[in-house]
Structure formats: C-alpha cells, structure tokens
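Working notes, structure below.
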Number of protein chains: 2
Amino acid sequence: MTTSGTHHHHVHAPNRFIHEVEATCERRGLRLTPLRRRVLELIAADERPVKAYDLLDRLRQETGKSAPPTIYRALDFLLEHGFIHKLESINSYTGCHHPSERHSPPFFICKQCGHATEFCNSEVAELVLRHAHELGFAAQEQTLEVHGICARCRRG
Amino acid sequence: MTTSGTHHHHVHAPNRFIHEVEATCERRGLRLTPLRRRVLELIAADERPVKAYDLLDRLRQETGKSAPPTIYRALDFLLEHGFIHKLESINSYTGCHHPSERHSPPFFICKQCGHATEFCNSEVAELVLRHAHELGFAAQEQTLEVHGICARCRRG
DNA sequence: GAGCAAAACGGGTACGGAATGTCATGAGGG
DNA sequence: CCCTCATGACATTCCGTACCCGTTTTGCTC
C-alpha cells in the first residue's frame with residue numbers, strides 16, 4: 001500500500017477546508033452558525049493543535065468577553081460531526097483532513113515543534129478492529145497518539 | 001451490576017502484583033516508599049481505572065488529610081517506571097500487567113462497565129512504529145485507547 | 001562507624017487550566 | 001406564532017502543577 005505523499009497534504013488552504021465543511025453541513029442539514037464557523041476558522045488558521053482556552057482568549061479579543069461553555073459547545077458540535085479531532089493526550093484540537101468521512105486516524109505529535117500529523121492510513125485502525133473482534137469488544141471510537149520528534153526537527 | 005467471577009486475565013492477585021513491583025524496584029534500586037506502595041495498592045485493588053482525585057479521597061479517609069501533589073507525585077513515580085498506565089482519554093490510572101517490560105499496549109475501555117482491558121499484543125505498536133518510520137518520525141511514547149462495549153456487557 | 005552535604009521525599013498552599021451544570025435570553029425555522 | 005436550538009453568563013467541579021518548607025535518605029569523607 002502506497003502511503004507516500006498522502007500524509008503531508010496539510011490543511012494548507014484553510015479557506016478550502018472551511019468551504020468543504022460548509023458544503024458538508026449543507027448536505028447534512030447542519031447549522032454552521034457564525035460562532036461555530038469562527039471557531040473552526042481559528043482552529044484551521046493554526047498549524048498546530050490548539051487548546052480550548054487559547055481559542056477562548058482569541059475569541060475574547062474579538063468579541064469582548066466569552067465564557068468556557070461558548071467554546072466547548074462549538075467544539076462539541078465540530079467534534080460530533082467529525083470536522084475536528086481532539087488530541088486527548090495534549091488536550092488540544094485540530095482540524096480534520098477528511099471531514100467528509102468518519103475515521104480515527106493515528107496522530108504523530110512532535111514534542112519539539114508541537115505539530116501533529118494526521119496519518120491517513122487505515123491499516124492501524126483495521127488491525128485494532130480485528131483485535132477488538134477477538135475480544136468480542138464492540139469498538140466505537142479510538143484514540144491513537146504517538147509522541148516523539150518529527151522529521152523536520154530531527155534534521156535540525 | 002455483577003462483577004462476578006472471571007474477567008480476563010486481569011491482575012487478579014493484587015498481592016502478587018505488588019510483590020512483582022517490589023521485586024522490580026529492588027532489582028533496579030528504586031524506592032517503593034510506603035506512600036507509593038499504598039497508592040499502588042489502591043490502584044491494584046480496583047478492577048477498573050481510577051481517577052487521581054478518587055485515590056486522593058481514599059487516601060484522605062485513611063490518613064486524615066492529603067493534598068493533590070501527594071497523589072500526583074506517587075503517580076509520577078509509578079508511571080515513570082512503568083508500574084501503571086495512564087488512560088489519557090478518561091484521565092484515569094490502572095495497573096500494568098507486565099511491569100517488568102516497557103510497552104504501550106492498546107486499551108479497550110468499556111463505556112458501560114468502565115473496565116479497561118490491556119491487550120497484550122505488540123502488533124499494533126509495531127505497525128505504528130513502521131508508519132512512524134515512513135514519516136521519519138522518532139516515536140517515543142504512544143497512547144492507544146479504544147472505546148466501546150465489552151463482551152460481557154454486550155451479552156447483557 | 002560519625003559527621004555532613006546533597007539529593008530525594010512528602011506535607012501543604014495556592015493557583016491555572018480543563019470541562020460541565022444551570023438558568024436565562026435570543027435567533028431561526030416550521 | 002411557537003418551539004427548538006444556539007448563545008450568553010455565572011458558578012462550580014475536576015485535573016494538574018508551581019512553589020515553599022521540613023524531614024528523611026543517601027553518599028561521601030574522615
């Protein structure tokens with residue numbers, strides 16, 4: 001299976017990403033309200049995973065004041081529909097590269113630069129499902145996060 | 001809720017588990033102090049993953065009062081040496097089945113009964129390492145947690 | 001051994017970050 | 001118009017760490 005090339009096509013074009021989400025919402029009859037859209041933009045604008053309270057701060061800079069539930073409700077919506085991922089091990093959120101399809105890809109998180117790479121390959125997920133099946137376990141969601149040093153940081 | 005008889009090959013014998021850790025500490029010249037030992041016992045005594053503040057409460061019941069740093073310091077020690085695992089997605093801690101060897105096994109966490117099964121098979125970890133290698137990523141730690149319904153809960 | 005400095009351990013306070021509960025208001029879509 | 005959903009705002013809980021300080025353990029020297 002060729003995986004070359006696929007992993008690095010980051011969401012370089014935030015606008016394109018937003019539009020894709022917009023279209024998906026339209027198709028599914030979801031309401032991408034101004035707030036939800038704004039939060040999504042903030043997430044997409046950042047190359048690395050963002051923390052909820054950072055988003056909150058940025059929102060406050062724009063809109064005066066905001067409280068945690070505001071941001072968490074938006075995050076919940078975006079998570080629920082697969083437009084973003086939550087990285088449990090670092091309490092951070094990042095845009096999803098394939099918002100159209102449901103998946104739980106592995107993430108490779110660099111300790112040094114903080115970037116997280118979504119690895120677009122379902123082999124691991126499938127292997128995990130096989131193992132779950134052996135156990136008679138009905139798998140629903142999965143979290144796979146690897147910490148280490150990314151290629152760029154290693155090269156210095 | 002029936003927690004009867006035999007669940008998998010869990011750490012059925014907490015004492016045995018404690019002894020194994022004791023021996024490992026001896027071998028490595030680590031200090032399993034009374035506090036650390038007590039925390040380990042509390043974790044081992046619970047069939048399912050425990051939260052830090054629950055441990056804190058139990059400790060308080062025994063010793064009068066305790067503060068968060070007390071428990072977190074003990075947890076840090078136990079984590080650092082691989083005697084327990086942290087489940088990032090549920091902020092909980094659970095005993096490690098193979099405290100002698102370093103590993104980051106997949107966990108299958110039941111949403112219904114809260115049990116977490118450590119899956120003793122390195123295939124996934126190895127596959128992940130291969131993928132990391134493709135990316136030029138130097139993997140250090142990994143977290144793999146699957147949420148769903150366990151076999152027992154499915155059967156009712 | 002005795003003495004001593006350095007490190008490790010743990011009690012405790014206080015705080016920052018993460019997330020949820022609840023009540024009330026407001027915008028949108030039938 | 002009414003009902004639903006979205007947001008605002010307040011409070012609270014949960015998770016985790018920084019820091020201070022006294023005590024114990026360790027490792028070293030003599």
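The chains referred to below are lettered A, B, ... by the order of the sequence lines, with proteins before strands, and numbering in each begins at 1. Predicted, not measured: the structure shown is a model, and the values here were computed from it. Only this structure's heavy atoms are used, side chains among them; waters, hydrogens and symmetry mates stay out.
- Residue B:T70 places at least one side-chain N or O closer than 4.0 Å to OP1 or OP2 of C:dG11.
- In this structure, the CD1 atom of B:I90 is 11 Å from the P atom of D:dG16, given to the nearest Å.
- Residue A:K86 places at least one side-chain N or O closer than 4.0 Å to OP1 or OP2 of C:dA19.
- One N or O on the side chain of A:R36 and one on the backbone of A:R31 form a donor-acceptor pair closer than 3.5 Å.
- Out of D:dA6, D:dT17, C:dG21, the shortest distance to the side chain of A:P69 is found at C:dG21.
- Considering only side-chain N and O atoms, A:R73 lies nowhere under 4.0 angstrom from the phosphate OP1 or OP2 of D:dA6.
- When rounded to the nearest whole Å, the span between CG of B:L35 and P of C:dA8 equals 17 Å.
- Residue contacts shown for A:Y93 are limited to sugar-phosphate atoms, with no base heavy atom under 4.0 Å away.
- Between D:dG16, D:dA11, C:dA19, one nucleotide has an atom nearer to the side chain of A:Y72 than all others, and that is C:dA19.
- Of all the heavy atoms in B:P49 and B:L87, the pair that sits closest is CG-CD1, 3.5 Å.
- Applying the 4.0 Å criterion to OP1 and OP2 of C:dG11, one finds that B:S66 has every side-chain N and O outside that range.
- The pair B:E141-A:K111 meets the salt-bridge criterion, with a side-chain N (NZ, NE, NH1 or NH2) lying under 4.0 Å from an Asp/Glu carboxylate O.
- Here the C1' atom of nucleotide C:dT20 and the CG atom of A:L75 are 13 Å apart, to the nearest Å.
- Counted within 6.0 Å of CZ on A:R60, heavy atoms from surrounding residues, nucleotides or ligands total more than 12; the atom is thus considered enclosed.
- In this entry the distance linking CD1 of B:I71 with C1' of D:dT17 reads 15 Å, nearest Å.
- Residue B:Y53 places no side-chain N or O under 4.0 Å from the OP1 or OP2 atom of D:dC15.
- Atom C1' of nucleotide D:dG16 and atom CG of B:D76 are separated by 10 Å, given to the nearest angstrom.
- For B:A67, the side-chain atoms get nearest to C:dG12 when compared with the rest of C:dA19, C:dG12, D:dT17.
- Atom CZ of B:R38 and atom P of C:dC9 are 20 Å apart (whole Å).
- Among the nucleotides C:dG10, C:dA18, D:dA9, the one closest to the side chain of A:K65 is D:dA9.
- As a whole-Å value, the separation of B:E88 CD from D:dC15 C1' is 12 Å.
- Comparing C:dA19, C:dG11, D:dG8 by their closest approach to the side chain of A:P68 singles out C:dA19.
- Nucleotide C:dG28 holds its P atom 14 Å from the CG atom of A:L32, rounded to whole Å.
- The side chain of B:N91 contributes an N or O atom lying less than 4.0 Å from OP1 or OP2 of D:dG16.
- Closest contact between the side chain of B:R31 and the listed nucleotides D:dC15, C:dC9, C:dA18 involves C:dC9.
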Carefully, step by step, assess B:S89 and B:H147 under the rule side chain to side chain donor-acceptor pair (under 3.5 Å). CA-CA 9 Å; B:S89 60; B:H147 293 263; 2.8 Å; yes
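- Regarding contacts with the backbone of D:dT7, a side-chain N or O of A:T33 is found under 4.0 angstrom from either OP1 or OP2.
- Of the inter-residue distances, the one linking B:H85 atom NE2 with B:I43 atom CD1 reads 11.5 Å to the nearest 0.5 angstrom.
- Between B:K51 and D:dT13, a side-chain N or O to OP1/OP2 separation shorter than 4.0 Å is absent.
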